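The sequence lines fix the lettering, A, B, ..., with proteins before strands; numbering per chain opens at 1. This structure is a prediction, so every number in the text was calculated from the model and none was measured.
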Amino acid sequence: MTLFRFELKKLLFSKKTLAVLAVLAAFVILLFVRNLTFQTQVEKAERQAIDAQVRTSQANGRAHILLLEKDPDDEKQKELQTVNLEIRDPLYDLAANFSHEDWKHNLEVQNGILETTLTYKELGGESPLSVKEIERTIAQNNEFLKRGIRPEHSAYSIAVPNFLQQIVSLWMYGGGLLLVLLLAGDTLTSEYESQSVNLLFTQPIRKAQWLLSKLGAACVAYVLALFVALITAAAVSSLFGDKGSFRYPVLIEKDGSPAFGNLGVQLIEGIIITSVLALLVISLILLYSLYAKKTLPVLAAVLGTLGAGYGITKLFDTSIPSWLNPFLNLFSSDLLHLQNGRTWYEALPITLVAAIVLVIAAIREVRKSRLAD
Amino acid sequence: MIIQVENLHKHYKKQHVLRGINMTVGEPQIIALVGPNGSGKTTLLNCMTNLLPFQEGKIELLGKKNTDISVFKDVSYLQDNRILYGDLTGYDHLKFVCSIQQLPADRIRQVTDRVGMTAYMKKRVRNYSLGMKQHLLLAMAILNEPKLLLLDEPLNGLDPSSAITMRNILLELHGEGTTIFLSSHNLDEIDRLTDTIYFMKDGELLKESLHDFSRNEYVITVDESDRAAAVLTQTGLPYTANEDGQIEFLETEAPLQDLLDQLKAGGLTILRIDNRKIGAERRYQELFAEENVR
């Protein structure tokens, strides 16, 4: 424990760590300020979306008129024209009386329009929305209505759970791993580069114990960074945003059909996935550091490995079983949203096993480690 | 045996850095390691403390193989100040060593008082002067009351008062039974600490006790230096006249009194006699004459 406490103190009280954590907190606050600033744009965007639907419907209406002028007996066009009018009239109504606050009414009207759009498409009419998209939007709107939770803008929400989700998403799409590299990328190499490792190697300390202390300190630093990001996000959104709900419905494609999970649960799942990946990256850093003993080559090797893992995953996603690919969740939240024949936690055991194997290899290597010769 | 090094060979790629080093230290003493830059002093210390691997040979400290980490319960190594962590305080460093060595916490205060760093031990090391860092390194090294203390250039960059403190502590430790093995370029300080010196040259070790060179060399100043040369040349006594007209004379080659008698007989007045003892610097100059010329 002495060694672990010393390593932790070295890592957490370093100027670099404090600077990284301060920048992280500032970034979260700035992101929230951006979301807050764009609140007026959110309503504007909703109006623009309705206007776009109106324009599509008007264009379709003109097309039907032209075709019926050519062939007044075209029954199909007559039917499409009628259905299009059933879309356009409520759209006009929605556009004229749109109120951002009256979200339940908006969703109900929109669902009516979308269902009519489905009929319109079935009759051969054109719409920029696919059937799948329409069905999902209807299901999602129904879920919002059923749970009594107002929908939030995916990019500019100021509600606590949704803003947290935005942070966790950034964390999953590389933010978390970038922080691991910044905080722990030189945890071993800096000791070799500055020769401070000599102090440790001339004390009655087992080298394996030293390595495990490094691993533990790096993990704590990662968790601390995660907490700083989440607590800052929760604090600013609680103070200046909306309460929101952790029961916010999140659309998941489960075995081909839309299903709904809770945002709160998905936040936890996202954090677990990224944290296990962070452990893998820390293990890679430790092992590579013992070979290279210099920070830049180690960072390049870690990034190269992650890049290769990501590339292989993208190229051979379907041919590699999820439970055999430790890089499956790298820079991706696919498993949280697309659970067709697989579960969100499927790649976690292999990622953990890979991390453990790397740590064992690092322990074997550190026992032989001395100064750079 | 306190230190036993047998036939130690160390290569850096194609360079043969240590060439069959043999060294045995059985009794507590102060030993200085002296040699020009690149002669292998730090490499030898790093091999002794298992910081560097070596290709051939055997090293034992206090009767244990140097690869046995328990050796560091009784052996300390004072190294370059780069081993310190700038973001931590001196106290953090001492507390760490104290915990690792399983020493009582009050030992820190005893050591910082002894070294004279209590006043600034709670400051971050990045704000320390060179002397303060050296004090901290010494405090860390003596915290466990080592039986063997290895020091690599402990006097580098120290101001005179810090150097005196360092020297006095080393002498005290020696008095308490600690064997001290230090490398240094400060030959004056070495003279004040010990006369047992290992000279290193091109990876080879030459052990010498300056006692063996305790020939008395005298520098005699007379009133008429020109005539003195004529008088002494007639007697056949070996002497050298230096640039200042003084007579330099080695007693090992003839009794001093003979020379003085001859000078007096020649009617010369002896103004001053200086006894010039052989020191580390003089011996170094003799041994490394070629390097000095270069």
- Query: Can you tell me how far the CG atom of B:Asn81 sits from the CD atom of A:Gln195, to the nearest 0.5 Å?
  - Reply: 11.0 Å

- Query: Are side-chain heavy atoms of B:Arg82 and A:Ser196 found at a separation under 4.5 Å?
  - Reply: no

- Would A:Lys15 and B:Asp87 count as a side chain to side chain contact (heavy atoms under 4.5 Å, CB included) if you check the C-alpha gap in whole Å, the side-chain angles of each, and the deciding distance to 0.1 Å? CA-CA 7 Å; A:Lys15 275 199 285 190; B:Asp87 292 324; 3.9 Å; yes

- Task: Quick one: list whatever passes side chain to side chain contact (heavy atoms under 4.5 Å, CB included) with A:Phe227, sequence neighbours left out.
- Result: A:Val223, A:Ile231

- Message: So for A:Arg206, is it side chain, backbone, both, or neither that comes closer than 4.5 Å to the heavy atoms of chain B?
- Response: both

- Task: Give, for atom CG of B:Leu78 and atom CG of A:Leu199, the distance between the pair rounded to the nearest 0.5 Å.
- Result: 11.0 Å

- Are the aromatic rings of A:Phe6 and B:Tyr85 close, with centres under 6.0 Å apart? yes

- Does the side chain of A:Phe13 reach to within under 4.5 Å of the side chain of B:Thr89, using non-hydrogen atoms? no

- Message: Holding to side chain to side chain contact (heavy atoms under 4.5 Å, CB included), I want the full list of residues that pass it with A:Leu11, two or more places apart in sequence or in another chain.
- Response: A:Thr17, A:Ala217, A:Ala221

- Note on the structure: Counting heavy-atom pairs under 4.5 angstrom with chain A, the leader among B:Asn50, B:Asp68, B:Val71 is B:Asn50

- Task: Could you grab the distance from atom CE of A:Met1 to atom OG of B:Ser99, nearest 0.5 Å is fine?
- Result: 12.0 Å

- Hey, does B:Phe96 have a side-chain heavy atom less than 4.5 Å from the side chain of A:Leu3? yes

- NZ/B:Lys95 to CZ/A:Arg5 distance, rounded to the nearest 0.5 angstrom? 6.5 Å

- Note on the structure: Turns out that what part of B:Asp80 lies under 4.5 Å from chain A's heavy atoms comes down to neither

- Message: If you count heavy-atom pairs within less than 4.5 Å of chain A, which of B:Arg124, B:Arg126, B:Gln102 leads?
- Response: B:Arg126

- Enclosure of A:Lys16 NZ (heavy-atom neighbours >12, cutoff 6.0 Å): yes

- Close contacts, residues 170-181 of chain B versus chain A, judged by heavy atoms under 4.5 Å: none

- Please examine the side chains of B:Gln79 and A:Thr202, heavy atoms only from C-beta on, and report whether any two atoms are closer than 4.5 Å. yes

- Return yes when atom CZ of A:Arg34 has more than 12 non-hydrogen atoms of other residues, nucleotides or ligands closer than 6.0 Å, and no otherwise. yes

- Message: Please classify the contact between B:Ser76 and chain A as side chain, backbone, both or neither, with a heavy-atom cut-off of under 4.5 Å.
- Response: neither

- Query: Could you name the residues of residues 128-148 of chain B that have a heavy atom within less than 4.5 Å of a heavy atom in chain A?
  - Reply: B:Met140

- Carboxylate-amine/guanidinium contact B:Asp92 A:Lys9, below 4.0 Å: yes

- Is there side-chain contact between B:Ile100 and A:Ile205, with at least one heavy-atom pair below 4.5 Å? yes

